[in-house]
Trainee: 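Sending over a structure as structure tokens; questions will come in a sec.
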Amino acid sequence: MDLLSIIVPCYNEEKNVEMFLDEIQKTLVGFNYEVIFINDGSQDNTQEKIMDLADSNPNVKYISFSRNFGKEPAIYAGLINATGDLVGLMDADLQHPPSLLPEMIEAIHEGYDVAAAKRVSKKGEPIINSLGSKLFYRLFNSISNVKLVAGATDYRVMTHQVTDAILQLNEYNRFSKGIFQWVGFETKWIEYENIQRVAGESTWSVWDLFGYSVKAIIAFSTLPLSASIFLGFIISTLAFIYLMFIIVKYIIFSDPVQGFATTMCTILFLGGMQMILIGILGKYLGNTYSETKNRPIFIIKETNIDDKRLDKDR
Ligand code: UDP
Ligand code: MG
């Protein structure tokens, strides 16, 4: 029977990991599975809890990072170390209902490469978040070749072949939602209603989400760079027309231009514009800089996986 490796990134999830495993055990009776908890530098007792679970359950594996690296590195570490024929990805807070798992596995057996969950409601989410996310999807999809699916989550089951494809994108600045779409393959979308996390707190603030969106766009589109060229052309053209206007006015009416205000406005406007564009350029350069440093995406402190794999081992 196929082995399913379920990867679960955990950051301060001491209240959730046991409940999570219970639910998985109840749902996956009769299936062959392992759960790989990635403890992403939690400051609470997540590590102790996970080790207790591993002691009493041979299906529980864990990888513990040396510090908090973020959810993306945790996903990556899990994917590298997942040996299953099928590989699953879930949050520890039970916002990803385990009850969908059998349907996902079924979809893979039917011939899909990926079965992924899609949230159909944003119930219980602040308005600013859902508005922001709508705007983000619009913008991202209009300027990137990779198209994101609104409401798509990281919750999914995929074949090992898809996992290998994802691992080939070993960039440092990771945006998994984009990477999942980039690799392609046939995906079955399974819809579910949004659920609140059972315990603990979400670590995402509005500001974090904004930063995440910017990172995502930088990682999957270079259109902002071309847009600056376009903007430059427009402004130069307008300036040229204005210049003609001034010359003609001077020749015909002998009326030299006066106006401190116009000059100031123009200088400040252009100055601000240039700062913004340099900022955009800087973002891309910064990305290139962090990629060329080629630092490891995560550092493992301890694990119960015998032949653990690091990101340089691939
Ligand atoms: N997570 C993580 N590292 C982090 C932040 C979060 O591994 O730095 C994990 C967290 O434990 C959870 C999942 O990523 O299993 C989703 O996090 P969260 O519930 O905070 O995000 P949300 O559900 O609000 O998108
Ligand atoms: Mg959550």
Side-chain angles (χ1 to χ4, degrees), residues 6-24 35-50 53 60-82 88-98 100-101 116-130 132-134 136-137 148-156 172-180 192-213 215-216 297-301 303:
I6 303 174
I7 299 160
V8 191
C10 302
Y11 178 61
N12 294 345
E13 302 282 9
E14 61 178 5
K15 297 202 188 86
N16 292 329
V17 282
E18 193 172 350
M19 212 169 355
F20 173 85
L21 191 66
D22 273 352
E23 288 295 320
I24 293 290
V35 173
I36 308 176
F37 288 109
I38 316 289
N39 174 24
D40 181 17
S42 298
Q43 279 129 27
D44 63 0
N45 288 321
T46 302
Q47 182 59 19
E48 287 71 23
K49 293 266 174 185
I50 294 173
L53 296 175
V60 174
K61 303 272 161 45
Y62 64 83
I63 292 172
S64 185
F65 286 174
S66 60
R67 64 168 170 85
N68 179 244
F69 279 83
K71 187 184 176 186
E72 293 286 349
I75 291 175
Y76 187 71
L79 292 176
I80 288 185
N81 284 285
L89 202 56
M90 292 178 85
D91 282 0
D93 55 12
L94 288 173
Q95 277 188 304
H96 294 162
L100 302 184
L101 278 173
K118 190 163 116 179
R119 281 189 306 178
V120 283
S121 79
K122 297 237 160 192
K123 214 166 44 193
E125 218 183 58
I127 291 179
I128 176 139
N129 286 31
S130 48
S133 97
K134 228 182 224 158
F136 166 70
Y137 280 113
L148 298 180
V149 176
T153 63
D154 294 338
Y155 180 19
R156 56 193 56 226
Y172 183 80
N173 299 291
R174 303 187 69 73
F175 174 58
S176 283
K177 278 193 176 67
I179 292 176
F180 294 151
Y192 76 102
E193 294 271 330
N194 193 29
I195 313 167
Q196 303 280 316
R197 63 161 40 238
V198 268
E201 269 173 32
S202 170
T203 45
W204 293 90
S205 65
V206 173
W207 190 239
D208 289 338
L209 287 170
F210 178 72
Y212 188 63
S213 309
K215 272 196 185 142
I297 293 170
F298 59 87
I299 299 287
I300 295 179
K301 186 178 169 203
T303 173

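For ligands, and for the atoms within them, numbers begin at 1 and follow the listed sequence. Every value quoted in this text rests on a predicted model; they were computed, and no experiment measured them. Sequence positions, counted from 1, serve as the residue numbers for this chain.
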Trainee: Applying side-chain contact (heavy atoms from CB on, under 4.5 Å), run through I63 and F298 and close with a yes or a no.
Mentor: CA-CA 11 Å; I63 292 172; F298 59 87; 5.6 Å; no

Trainee: Parallel, tilted or perpendicular, judged at 30° and 60°: which one describes the rings of F65 and F69?
Mentor: perpendicular

Trainee: Can you report which non-hydrogen protein atom sits closest to atom 24 (O) of ligand 1, along with the distance?
Mentor: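 For atom 24 (O) of ligand 1, the nearest protein heavy atom is S202 OG, 2.7 Å.
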
Trainee: Please state which protein non-hydrogen atom is closest to atom 5 (C) of ligand 1 and give its distance, to 0.1 Å?
Mentor: T203 OG1, 3.5 Å

Trainee: What residue and heavy atom of the protein are closest to atom 3 (N) of ligand 1, and at what distance?
Mentor: D40 OD2, 2.6 Å

Trainee: For E18, is the CD atom crowded, meaning more than 12 foreign heavy atoms sit under 6.0 Å from it?
Mentor: no

Trainee: Looking only at protein heavy atoms, which one is nearest to atom 23 (O) of ligand 1, and what is the separation?
Mentor: Q95 OE1, 2.6 Å

Trainee: Students should be able to answer this: which protein heavy-atom is nearest to atom 10 (C) of ligand 1, and at what distance?
Mentor: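 Its nearest protein heavy-atom neighbour is E13 OE2, 3.2 Å.
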
Trainee: If you count heavy atoms of other groups shown closer than 6.0 angstrom to NZ of K215, is the number above 12?
Mentor: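 Result for NZ/K215: open.
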
Trainee: Of the backbone and side-chain N, O or S atoms of D91, does one lie nearer to the Mg ion (ligand 2) than 2.8 Å?
Mentor: no

Trainee: Does ligand 1 have a heavy atom under 4.0 Å from the side chain of N12, from its backbone, from both, or from neither?
Mentor: neither

Trainee: What does the angle at the Mg ion (ligand 2) come to, between atom OD2 of D93 and atom OE1 of Q95, rounded to 10°?
Mentor: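 Computed angle, vertex at the Mg ion (ligand 2), rounded to 10 degrees: 100°.
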
Trainee: Just verifying a value: how many Å separate N68 CG and S42 OG, rounded to the nearest 0.5 Å?
Mentor: 7.5 Å

Trainee: Quick one: do D44 and K49 satisfy salt bridge (charged side-chain N to carboxylate O under 4.0 Å, His left out)? Show the steps, please.
Mentor: CA-CA 10 Å; D44 63 0; K49 293 266 174 185; over 6 Å; no

Trainee: Quick one: pull up OG in S64 and CD1 in I299 and give me the separation to the nearest 0.5 Å.
Mentor: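 The distance works out to 12.5 Å.
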
Trainee: Using 30° and 60° as the class limits, which term best fits the ring planes of H96 and Y155: parallel, tilted or perpendicular?
Mentor: parallel

Trainee: Heavy-atom contacts under 4.0 Å between D91 and ligand 1: side chain, backbone, both, or neither?
Mentor: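 It is both backbone and side chain that touch ligand 1.
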
Trainee: For P9, which part has a heavy atom under 4.0 Å from ligand 1: side chain, backbone, both, or neither?
Mentor: both

Trainee: Considering only protein heavy atoms, which is closest to atom 1 (N) of ligand 1, and at what distance to one decimal place?
Mentor: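 Going by distance alone, atom 1 (N) of ligand 1 is nearest to Y11 CB, 3.7 Å.
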
